[in-house]
J.: 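Pasting a structure here, questions to come.
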Amino acid sequence: MNKKSISSRKLVTAAMLGAITIVLSLTPLGLIPLGFINATTMHIPVIIGAIAEGPVVGALVGLIFGVSSLLNALLRNPSPVSFVFYNPLISVLPRVLIGITSYYAYKACQNIGDKKLKNLSKILWIAISIGLIYLLYKNITEGKSLLNIIFVIILLAVVIGLFMYSRKSKKDFPIAIGAFVGSMTNTILVLGGIYLIYAESYVKTLGLPMDNARSAILGVTITSGIPEAILSVILSTAVIKALKSTRR
C-alpha cells in the first residue's frame, strides 16, 4: 500500500469517525444506560481513530468532537451548566488530547512481553466480567429498567467474547490501556478545567456551596469517569480488533 492510499484511508477514517461523533452528540446514542449512570460514548470514536490510525487521526477526530461540543453548548444550550463549554480550553482542547494520550499509552504497552500481555488481558477481562455480573445483579434486584439490564448483558457478552479471543491474542491489553487513558484524559481535563476556571459559577448553578466544589467535581470524576473509562475499554477493544482483523 503506497503512502498516498494510506493518507487517503486516514482522512476517510477521520471523517467517518468524526461524523459518528457528531451523531452521538446529537442523539440518545451518545449515552448508554447502565443503571447507576448514563455513560457517554462520544469520546470513543476519538480513541478508536487514534489507536487504529495514529495520533494525527485521533487528534482530528478529537477536534471534530470538541468543536461539536462547543457548538452544541452555544446553539442548543442543553443544560444549566453548558456555559462551561463555551470555553475551547474545556470543550475542545481535552478532546484533541484524547487522541494523543490514548495512542501513546497504547504504544508504550506494546513493549511488554507477549506472554505477560496475554496474561494481563485475561486478568483484565475476568475483572471486568465480575464487575458487570455484579452490576447486572444490582440492576435486577433494584428493579432497574429492562433497557439497563439488556445493555449490561450485551456488554457482558462482548467481554466474554474478548476473554475467549484473548487466549490467542496479545493485543488486547495495550488497546485497553490506551482506551482507559484516553477516556480519563477527557474526564480529568474537562472537570479539572471546570474546577480551575469555573468552580464558583459551576457549583452555584448546581445549588451547592463553594466549599463543596472540589468534592462535587471529584465525585463526578469517580462515579462517572471510571465507569465510562471501563465502557471505553470494552467497546474500543472490540471495534479495533474487528478493524484490524479485516485488514489482514
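Along the sequence shown, residues carry numbers from 1.
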J.: Not counting sequence neighbours, which residues clear side-chain hydrogen bond (donor to acceptor under 3.5 Å, both in side chains) with Y106? List them please.
T.: Q110
J.: Taking the side chain as every heavy atom from C-beta outward, state whether K241 and L162 have any atom pair closer than 4.5 Å.
T.: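 SC-SC contact between K241 and L162 confirmed.
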J.: side-chain contact (heavy atoms from CB on, under 4.5 Å) for L231 and L155? Distances and angles first, verdict last.
T.: CA-CA 8 Å; L231 179 65; L155 289 174; 3.7 Å; yes
J.: Tell me whether V181 shares a hydrophobic cluster with L120, the cluster being built from Ile, Leu, Val, Met, Phe, Trp, Tyr side chains joined at under 4.5 Å.
T.: yes
J.: Taking all heavy atoms of V46 and all of G99, pick out the closest pair and write down the distance.
T.: CG1-N, 3.7 Å
J.: Can you list everything that forms a ring-ring contact (aromatic ring centres under 6.0 Å, His included) with Y198? Sequence neighbours excluded, please.
T.: F83
J.: Say you draw a straight line from CZ of F173 to CD1 of I112; how long is it, rounded to the nearest 0.5 Å?
T.: 5.5 Å
J.: With sequence neighbours excluded, what pairs up with I150 under the side-chain contact (heavy atoms from CB on, under 4.5 Å) test?
T.: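 L146, I154.
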J.: Going by the rule side-chain contact (heavy atoms from CB on, under 4.5 Å), which residues pair with Y134 if we only count those two or more places apart in sequence or in a different chain?
T.: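 Result, side-chain contact (heavy atoms from CB on, under 4.5 Å) vs Y134: K138.
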J.: Begin from the C-alpha positions of K144 and I140 and carry the test side-chain contact (heavy atoms from CB on, under 4.5 Å) through to its verdict.
T.: CA-CA 6 Å; K144 299 293 185 181; I140 293 172; over 6 Å; no
J.: Any idea which heavy atoms bring L124 and V233 closest together, and the distance?
T.: CD2-CG1, 4.3 Å
J.: Between S82 and A73, what is the shortest heavy-atom contact and its length?
T.: O-CB, 3.6 Å
J.: Which residues satisfy the side-chain contact (heavy atoms from CB on, under 4.5 Å) test with I153, sequence neighbours excluded?
T.: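 Expected list: L136, I149.
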J.: Where do S183 and G225 come nearest, in terms of heavy atoms and distance?
T.: OG-O, 4.4 Å
J.: Atom OG in S68, atom CG in L75: separation rounded to 0.5 Å?
T.: 11.0 Å
J.: With side chains defined as the heavy atoms from C-beta onward, is the minimum distance between V61 and F65 less than 4.5 Å?
T.: no
J.: For the CD1 atom of I22 and the CG atom of N72, what is their distance to the nearest 0.5 Å?
T.: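 Nearest 0.5 Å value for the CD1-CG distance: 10.5 Å.
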J.: Would a 4.5 Å heavy-atom cut-off, applied to side chains only, mark V56 and K10 as touching?
T.: no
J.: Are L63 and L26 connected in the hydrophobic side-chain network, where two residues link if heavy atoms are under 4.5 Å apart?
T.: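 No.
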J.: Would a single hydrophobic cluster contain both M42 and V239, if residues Ile, Leu, Val, Met, Phe, Trp and Tyr are joined by side-chain heavy-atom contacts under 4.5 Å?
T.: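 In one cluster with V239: M42, yes.
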J.: Please answer: with hydrophobic residues joined when any side-chain heavy atoms are less than 4.5 Å apart, are I226 and F151 in the same cluster?
T.: yes
J.: Find out if a path of hydrophobic residues (ILVMFWY) with successive side-chain heavy-atom gaps under 4.5 Å connects I130 to L132.
T.: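 Yes; tracing contacts between hydrophobic side chains, which count when under 4.5 Å, links both residues.
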J.: Assess the residue pair L243 and I48 against the criterion (side-chain contact (heavy atoms from CB on, under 4.5 Å)); give the C-alpha distance rounded to whole Å, side-chain angles, the decisive distance to 0.1 Å, and a yes or no.
T.: CA-CA 10 Å; L243 281 174; I48 293 169; 4.0 Å; yes
J.: Taking distance alone, no hydrogens or angles, what donor-acceptor pairs closer than 3.5 Å link side-chain atoms of residues 91-98 to residues at least two apart or in another chain?
T.:
from	atom 1	to	atom 2	distance (Å)
S91	OG	F85	O	3.1
S91	OG	N87	O	3.2
R95	NE	N186	OD1	2.8
R95	NH1	S69	OG	3.0
R95	NH1	S91	O	2.9

J.: In Å, rounded to the nearest 0.5 Å, how long is the span from OG1 of T41 to CD1 of I20?
T.: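 So the gap between those two atoms works out to 10.5 Å.
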J.: Output all residues satisfying side-chain hydrogen bond (donor to acceptor under 3.5 Å, both in side chains) with T185, sequence neighbours left out; order by chain, then residue number.
T.: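 Scan of T185 (side-chain hydrogen bond (donor to acceptor under 3.5 Å, both in side chains), adjacent residues dropped) gives T101.
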J.: Is there side-chain contact between S129 and F163, with heavy atoms separated by less than 4.5 Å?
T.: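 Side chain of S129 against side chain of F163, heavy atoms only: no contact under 4.5 Å found.
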J.: State which residues pass side-chain hydrogen bond (donor to acceptor under 3.5 Å, both in side chains) with S25; sequence neighbours excluded, sorted by chain then number.
T.: none
J.: Does any part of the side chain of P45, heavy atoms only, come nearer than 4.5 Å to the side chain of L24, both counted from C-beta?
T.: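 Counting from C-beta outward, L24 and P45 do come under 4.5 Å.
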J.: Could you tell me if the side chain of T40 sits less than 4.5 Å from the side chain of H43, heavy atoms only?
T.: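 Yes, at least one pair of side-chain atoms sits under 4.5 Å.
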J.: Starting at OG of S232, measure out to CD1 of I44 and round the result to the nearest 0.5 Å.
T.: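 So the gap between those two atoms works out to 4.0 Å.
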J.: How is the hydrophobic cluster of Y137 composed, in terms of its other members, when Ile, Leu, Val, Met, Phe, Trp and Tyr link through side-chain heavy atoms under 4.5 Å apart, directly or indirectly?
T.: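 In the cluster with Y137 there is nothing else; it is isolated.
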J.: What distance separates I133 CD1 from I128 CD1, expressed to the nearest 0.5 Å?
T.: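 These two atoms lie 12.0 Å from each other.
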J.: Who are the side-chain hydrogen bond (donor to acceptor under 3.5 Å, both in side chains) partners of S145, not counting sequence neighbours?
T.: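 Testing S145 for side-chain hydrogen bond (donor to acceptor under 3.5 Å, both in side chains), a comparison that skips the adjacent residues, returns N148.
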J.: Contact between M184 and E228 at the side-chain level, heavy atoms closer than 4.5 Å - yes or no?
T.: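 With C-beta onward as the side chain, the pair stays apart.
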J.: In the hydrophobic clustering that connects Ile, Leu, Val, Met, Phe, Trp and Tyr at side-chain heavy-atom distances below 4.5 Å, which members other than V12 occupy its cluster, ordered by chain and number?
T.: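 Joined to V12, directly or through intermediates: none.
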J.: List the atom of I51, the atom of A179, and the distance in Å for their closest heavy-atom pair.
T.: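 So the minimum-distance heavy-atom pair works out to CD1-N, 4.0 Å.
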J.: Taking only residues two or more places apart in sequence, or in another chain, which ones meet S102 in a side-chain contact (heavy atoms from CB on, under 4.5 Å)?
T.: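 Scan of S102 (side-chain contact (heavy atoms from CB on, under 4.5 Å), adjacent residues dropped) gives I47, A50.
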